[in-house]
Amino acid sequence: MTKRIVKVYPRFERLWHWTQALLIAVLMFTGLRVSGVHALIPFGPAVMLHTLAALTLLVVWIFATFWLFTTGTWRQFLPKVEGMLATARYYAYGIFKGEEPPYQKQYWRKHNPLQAATYFGLKWFVFPVIWISGIMYLTYNFWDSGADSTFVLAVVRNIHLLAAYVIFAFVIAHIYLLTTGHGFRDHVRPMVTGYEEIDLTPEQEAYFEANTPDRLKPLEPAE
Amino acid sequence: MHATGHRHLLASLAFGLSASVAFAQDAMPQMPGDGSTADHSKFEILQQEFKSGPEVTAACLSCHTEADDQVMHSIHFQWEFDNPATGQTLGKSKVINAFCGNVVGNEPRCTSCHAGYGWDDMHEVPPQQSNAVDCLVCHDQSGQYAKLSTGAGHPPLGDIPGQPVSGKTITGADAWAVDLMKSAQSVGMPTRENCGQCHFYGGGGDNVKHGDLSSALYDPDIHTDVHMSKDGANMVCSDCHTEESHTWAGSRYLMDAKDTVGLGHPGEERFSASCESCHSDSPHEGDLMAIKLNDHVDKVACQTCHIPEFARGGVATKTYWDWSTAGRLNAEGQPIAEHNFTQSDGQELHTYLTIKGDFDWGENVEPYYAWFNGAVEYTLPEEEIDPTEVVEINKVLGTPDGEDSRIWPFKRMVGRQSYDAGYNKLAYSHVWGPTTDTAFWTNYDWSKAIEAGMKAAGSPYSGEYGFIDTYMYWPITHMVAPADEAMDCVECHSEDGRLVGLAGVVMPGTDPNSLFGRLGQILVLLTALGVIGHGILRLITRGKGGTHP
């Protein structure tokens, strides 16, 4: 195994991530405004911004889903039980002892088991819930069928609200976890530049050298 | 008649301009008739010294043969309305309101606004002879026709037209002798001045009753009424209140509260005074916001957002009337008048009158909101009431989120008025009668006034009276503000918004701390606390979680 600097996040994925981050920030800010938690911007513009950001994110998502499945990247987000306990033990205990994280980032497995499980939950449950409830909320007048629909809308609204707060909680934990391990900057940098130091087997290294040399930073001359 | 004058001036100006542009000559004659094919001043039958209103009407009917029949079938003449929604028979001749109470027993004062002549006994149907219809009150364009405030519909007359005569007109102005010939020759389609002299002064003064119908609408600025302002659409009442055989669209007893027809078929002339009949049922156009606003029209009446306040334009409306304090005299035994409300134009309005009791006024008043399906149900004089509760003189019907209902703005008049304490029903009172020894405004004695009122109405009276608190609702639909002055979202979409307490609608922004909101907030809080705790522990143990410091 050799440590090599590899482009783990291609341009599209980085663009996707940061667009999504920005849009989720906008959605959180405007969503809290619309639900009445703060009044930092007027209500009407908040609704408009919330709707526009949601529609934009929906488009980004369609592209991202297409990309995930065509490139096979979707496998990154499949959860695995293996190693989960060790990871959980690390964050609950080992981290305070200065232990090394039990999990090393690999090219085909960028997430640790806890991360993978979290993303799986988000992508398969929370995001669909917020999308479906949000779209129902937005298109109320198309499916509304009178007085009973008000109750349905109230349910839809509360589901949307709860899912939004779950995502809010995720964002907090997500940002906090960037400060662990090698530190905040080291964690954020790959998502900016695309490159990260990764352990590669000689076979992988040879594969990259031969097939996608642009994904591999050339070895620096020995110091 | 200043607005009419302006319109004539504008029309001739516009005509003059286009003529000079088109033909570049000044000698172009003005088109005669001002849009009409008849110049009434040329009719011989109208060139006579009329001695009374009915004489003029007889002359009108010599050409307009069916007009009397049409008018006599209208609510303007009958003062009676069978409400198909409730089965009640309403109308001025039937109901008791929260203002001057009842018409019966108070003719010819109350019937001075009748669209006819000589209805001085409510026990009878209005006079049925064809010349009892008052054509001039609606069609006079000379600007000097008026009705005497105590004349059962007749105009003030005298030897020399234009000279002051005794009495007041129905708008409260000192009366003058009306020139009937001049009026008869001036006739045209009704303007605001025609409708306004009755409808702006209901309840005994300017804007007393409705709140959204006042003398401010004779010549409103655009902020007061975007439709009627000269700087706006410059419309008259009958542009919305469309007419068919002297019957008008629009009713305060049975409204078109949720018009789903909208514009109707292309070219269709709809008999409706609803906003939608001109603006369609998806009136906002352009952007995403327009779509969102159009989403509101199924639950929220146009008026709710577009009339943020009523009694605008500088004329206050009466918001509270306590009859129970009426009758107080000063040390000399003389009636009292207190004026403790200053209107924005500086005019002092009465807040106590011996004849009427205590008042409150309001200008730029925020409406009261309720679900409304257009039907209004009255507490009729024969119905039993509960004097321990606030009695609703009228109820606006409609159910929260009902298919036929929308949220509407209302003026909620707060009153305190007399009732029959033995039979628990609203009391009739005899207030006007300068020569009777029972009229309240002459004798200040409730027991006599109520006894006489009940007798006049033919209603059994227990002999005991008291006073009850009342509400009366007046749908607000006039004084529409320009679009950019419509209510902002936050007026309703906030914790203390205007519609708080109205069930049946999901309104984001009104309850950030709902059960699910709280659950979510707790989740976020716990996450934040967990993260902070984890971070602090890491700092204390100095473990950075990794070998690279």
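If you're wondering where the values come from, they're calculated on a predicted model, not measured in any experiment. We name chains A, B, ... by the order of the sequence lines, and we start the count at 1 in each one. Computed over heavy atoms, backbone and side chain alike; hydrogens, waters and symmetry mates excluded.
Within the 3.5 Å criterion, the main-chain N or O of B:F516 finds no donor-acceptor partner in the side chain of A:N158. A donor-acceptor contact shorter than 3.5 Å links the side chain of B:H534 to the backbone of A:Y91. Under a 3.5 Å cut-off, the side chain of A:Y176 and the backbone N or O of B:T527 do not form any donor-acceptor pair.
Heavy atoms of B:T399 lying under 4.5 Å from chain A are absent altogether. For a residue to count as touching a neighbouring chain, one of its non-hydrogen atoms must lie under 4.5 Å from one of that chain's; by this rule B:D511 touches chain A with backbone and side chain alike. For a residue to count as touching a neighbouring chain, one of its non-hydrogen atoms must lie under 4.5 Å from one of that chain's; by this rule A:L161 touches chain B with the side chain only.
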Exercise. A:V47 and B:M289: side-chain contact (heavy atoms from CB on, under 4.5 Å), yes or no, with the steps?
Worked result: CA-CA 9 Å; A:V47 173; B:M289 185 59 114; over 6 Å; no
Exercise. Where do B:Q521 and A:V37 land on the side-chain contact (heavy atoms from CB on, under 4.5 Å) test, with the steps shown first?
Worked result: CA-CA 10 Å; B:Q521 287 160 16; A:V37 173; 3.9 Å; yes
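The salt bridge (Lys or Arg N to Asp or Glu O under 4.0 Å) test applied to B:D404 returns no partner, not counting sequence neighbours.
Of the listed residues B:S514, B:G517, B:A528, the one with more heavy-atom pairs under 4.5 angstrom with chain A than any other is B:G517. Ranking A:D186, A:L138, A:I159, A:V34 against chain B, the residue ahead of the rest is A:V34, based on heavy-atom pairs under 4.5 Å. Interface summary for chain B: among A:P42, A:S35, A:A164, the most heavy-atom pairs under 4.5 angstrom belong to A:S35.
Atoms CG and CG, on A:L162 and B:L523 in that order, are 7.5 Å from each other to the nearest 0.5 Å. Atoms CG and CG, on A:L55 and B:L288 in that order, are 7.0 Å from each other to the nearest 0.5 Å. In this structure, A:F168 CZ and B:L525 CG are separated by 10.0 Å, a value rounded to the nearest 0.5 Å. Atoms OH and NZ, on A:Y140 and B:K299 in that order, are 3.5 Å from each other to the nearest 0.5 Å. Rounded to the nearest 0.5 angstrom, B:E403 CD and A:S145 OG are separated by 8.0 Å.
In the displayed structure, B:E268 atom CD is contacted under 6.0 Å by more than 12 heavy atoms of other residues, nucleotides or ligands.
For B:D298 against A:N141, the heavy-atom pair with the smallest separation is OD2-ND2, 3.6 Å. Nearest heavy-atom pair across B:C489 and A:G44 is SG-CA, 3.7 Å. Closest approach of A:T179 and B:R538 over heavy atoms only: O-NH2, 2.8 Å. Nearest approach of A:Y137 to B:P508, heavy atoms of both residues: OH-CG, 3.4 Å.
For residues 489-502 of chain B, the salt bridge (Lys or Arg N to Asp or Glu O under 4.0 Å) pairs, not counting sequence neighbours, are B:E366-B:R498, B:E491-B:R498.
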